[in-house]
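See below for the structure under consideration.
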Amino acid sequence: ARLFADEPVSLMVTVLYALTPYRFVDLYVRGDLSEFAAIELVPWILCFAILLFRRASRGQPLLAPAAGLAAGLALVVLAHPLIAMPAWAVVCMLLAAMTPAAPGGTKTRFLATGAAAFVLALAVSSVYWYPVVQLRHLVQADKAFEGVYEASLHIVYWRQLFDRSYGFGASTIGDASDGMSFQLGLPHFLLATLGAWFGRRQRFIVAAYAAYVAMILLMLPPSAPLWKHVELLRPFQFPWRLLGVIASLQACCLIGWEFLRFQDPRNQRLRKLLLILLPAATALWHSNQLRVHGAVDFPTADALSRELFRLAPDQWQTFANVDEFLPRTASAPQSYRGSGPLLLVEHAAALPVDSHSPYHLRFKVRTEAPARAMIEQFYFPGWRVRVDGREVPDEVLSSTLTDNGRIGLALPACPDGCTVEAWYAGPPGNGLRWGVAAAAVLVFVSLLVWQDRYATKGSSSTSRQNEGVPE
């Protein structure tokens, strides 16, 4: 906000952003820390996009804002790829909207640098997203997008956007009786709309408001067929996730209040008072979600957790809702290993050696005859196993899996003891992807440094007037 507005307006925008209802839902109702982290990265991405435009328009060096934009785009993918999808789309839209306002000779430089930032972000974040694409066929990922998790079943109803109710329930199917809040916040919506009107001569604010309205409409019932039939949208699961990106667009629209000016300078005090009262009124409107609740009764919660685990040990302690990450080679339901050993050997004992850790298994095994062994880990490409220093080929590992998807081994007789090592070295091609990411960073920095030196030779004659993006 400070890039556009004075301190009173910037403070108002900051407070209203902090009061955005969905941020509280993500943090305190859903407990989705990765999505919350991604949401908090979006304003930084928009900030660097604006700085990139301004510096390109002035003929100034672009390395710093371009690097910041690339870093933000990559980090939001690493934090939560589903939030990254609409965030990347919004940034592309805003860059396209600002381009016509750039002085004639700077448009190409601005667009080329912005595109390079996207390519770099794609290369750096490939260490995360490429294995998802590469190994998706090995797990039951489609289960996470079907049935009760079909995106078209979790659209938001119009009245929910402005309903003050705030709860700690779940997203339901087919009506507006969800147990959690999906509100924009009536004060937020009204103030953002007024801000867009006040700043209607600014390209960035107009584009932000257009994206804001488009994302709101995309969450509503008329858009349900899109969520059902457009394959790219299916993995999104919940259309109301868009509220995370909408929060930043809402803040961009609020910046338009900077352009509300009173003709009489003596009314500046009235303006400052108004900018204080608006956030205060918004906080009052949302007071029901800002109440302090009693302390958590941890002994009771622990007792309930233990009882639920006793009743359903195969379902209670899991990081998946419908076994979407369970390998297709594994059967369901899975038994709970508890504190049992990580290496089981028929008619023999496996003792961990000194350098053993949960991330690199090392065991000493003594057996008088050849024996079957099982490593209590699901098999995925990238697992490496050695017996007495000799590598077990991957094709052998993948062909000797147990019925529950664990890694099976055929151990030779070793009365004097043999060492079994196992660790996950990462998805196939992992080292190559890190190398490509590092090379992309070096090429990006080198090209930007060279291009900045070339472009800024005549920067003293570049106009500092930027239509659509104020100083």
Side-chain angles (χ1 to χ4, degrees), residues 1-5 9-27 32-53 65 68-69 71-98 114 117-118 121 156 161 182-185 187-196 199 202-219 236 239-258 279 282 469:
R2 198 66 183 92
L3 294 175
F4 290 86
V9 172
S10 299
L11 183 59
M12 183 194 77
V13 173
T14 302
V15 172
L16 288 173
Y17 175 78
L19 290 172
T20 303
Y22 187 70
R23 295 177 69 251
F24 293 93
V25 171
D26 233 14
L27 194 56
D32 195 337
L33 299 182
S34 61
E35 184 174 300
F36 182 79
I39 290 171
E40 299 307 295
L41 285 168
V42 176
W44 289 100
I45 297 173
L46 299 178
C47 173
F48 284 117
I50 296 166
L51 288 173
L52 180 67
F53 173 80
L69 177 60
L73 292 169
L75 286 173
V76 76
V77 175
L78 299 177
H80 202 289
L82 298 184
I83 294 296
M85 292 167 60
W88 279 43
V90 163
V91 175
C92 286
M93 176 182 174
L94 295 180
L95 291 177
M98 289 188 291
F118 273 89
V156 178
L161 298 177
F182 300 131
Q183 58 175 312
L184 295 169
H188 285 83
F189 177 76
L190 294 176
L191 294 175
T193 300
L194 286 172
Q202 308 302 317
R203 286 181 178 271
F204 177 78
I205 294 176
V206 171
Y209 191 72
Y212 177 62
V213 172
M215 287 201 173
I216 292 174
L217 295 176
L218 195 56
M219 296 190 297
F236 208 69
W240 41 259
R241 285 189 199 270
L242 291 174
L243 287 166
V245 178
I246 285 173
S248 293
L249 293 172
Q250 205 162 234
C252 292
C253 298
L254 290 168
I255 295 171
W257 281 81
E258 165 68 14
T282 302
V469 179

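Keep in mind it's a predicted model, so treat the numbers as computed, not measured. Residues: numbered from 1 along the sequence shown. Reckoned from all heavy atoms, side chains included, excluding hydrogens, waters and symmetry mates.
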Heavy-atom pair of closest approach, residues Ala251 and Val13: O-CG1, 3.6 Å
Intermediate values then yes/no, side chain to side chain contact (heavy atoms under 4.5 Å, CB included), Ile246 and Tyr22: CA-CA 9 Å; Ile246 285 173; Tyr22 187 70; over 6 Å; no
With rounding to the nearest 0.5 angstrom, report the CD1 to CG distance, Ile216 to Leu161. 6.5 Å
Separation of Gln250 CD from Thr193 OG1 (nearest 0.5 Å): 8.5 Å
Considering non-hydrogen atoms only, spot the tightest contact between Ala117 and Leu69 and give its length. CB-CD2, 3.9 Å
Output a table of donor-acceptor pairs, distance under 3.5 Å, between side-chain atoms of residues 36-52 and any protein atom two or more places apart or on a different chain; print 'none' if there are none.
| from | atom 1 | to | atom 2 | distance (Å) |
| --- | --- | --- | --- | --- |
| Glu40 | OE1 | Arg23 | NH2 | 3.3 |
| Glu40 | OE2 | Tyr17 | OH | 3.2 |
| Glu40 | OE2 | Arg23 | NE | 3.0 |

Under a 3.5 Å distance rule, please check whether Trp240 uses its side chain to pair with a backbone N or O of Met219 as donor and acceptor. no
Gap between atom CD1 of Ile83 and atom CG of Asp26 - 0.5 Å precision: 7.0 Å
Once you round to the nearest 0.5 Å, how far does CG of Leu73 lie from CH2 of Trp88? 5.5 Å
Report yes if some heavy atom in the side chain of Leu19 is under 4.5 Å from a heavy atom in the side chain of His188; otherwise report no. yes
Heavy atoms only: give me the nearest Arg241-Glu35 pair and the separation to one decimal. NH1-OE1, 2.5 Å
Please find the pair of heavy atoms, one from Ala87 and one from Val245, that lie closest to each other, and give the distance. N-CG2, 4.1 Å
Within-4.5 Å side-chain heavy-atom neighbours: Val25 and Leu243: no
If you take all heavy atoms of Met93 and Ala207, which pair is closest and at what distance? CE-O, 3.5 Å
Working for side chain to side chain contact (heavy atoms under 4.5 Å, CB included), residues Leu33 and Leu27: CA-CA 6 Å; Leu33 299 182; Leu27 194 56; 3.6 Å; yes
Distance-minimising heavy-atom pair for Val9 and Leu254: CG1-O, 4.5 Å
Does some side-chain heavy atom of Phe236 sit less than 4.5 Å from a side-chain heavy atom of Pro86? yes
Show your reasoning for whether side chain to side chain contact (heavy atoms under 4.5 Å, CB included) applies to Leu191 and Met12. CA-CA 11 Å; Leu191 294 175; Met12 183 194 77; 5.6 Å; no
Report yes if some heavy atom in the side chain of Val90 is under 4.5 Å from a heavy atom in the side chain of Cys92; otherwise report no. no
Mind checking side chain to side chain donor-acceptor pair (under 3.5 Å) for Trp257 and listing every partner two or more places apart, or none if nothing turns up? none
Run the side chain to side chain contact (heavy atoms under 4.5 Å, CB included) check on Tyr212 and Leu184 step by step: do they pass? CA-CA 11 Å; Tyr212 177 62; Leu184 295 169; 4.1 Å; yes
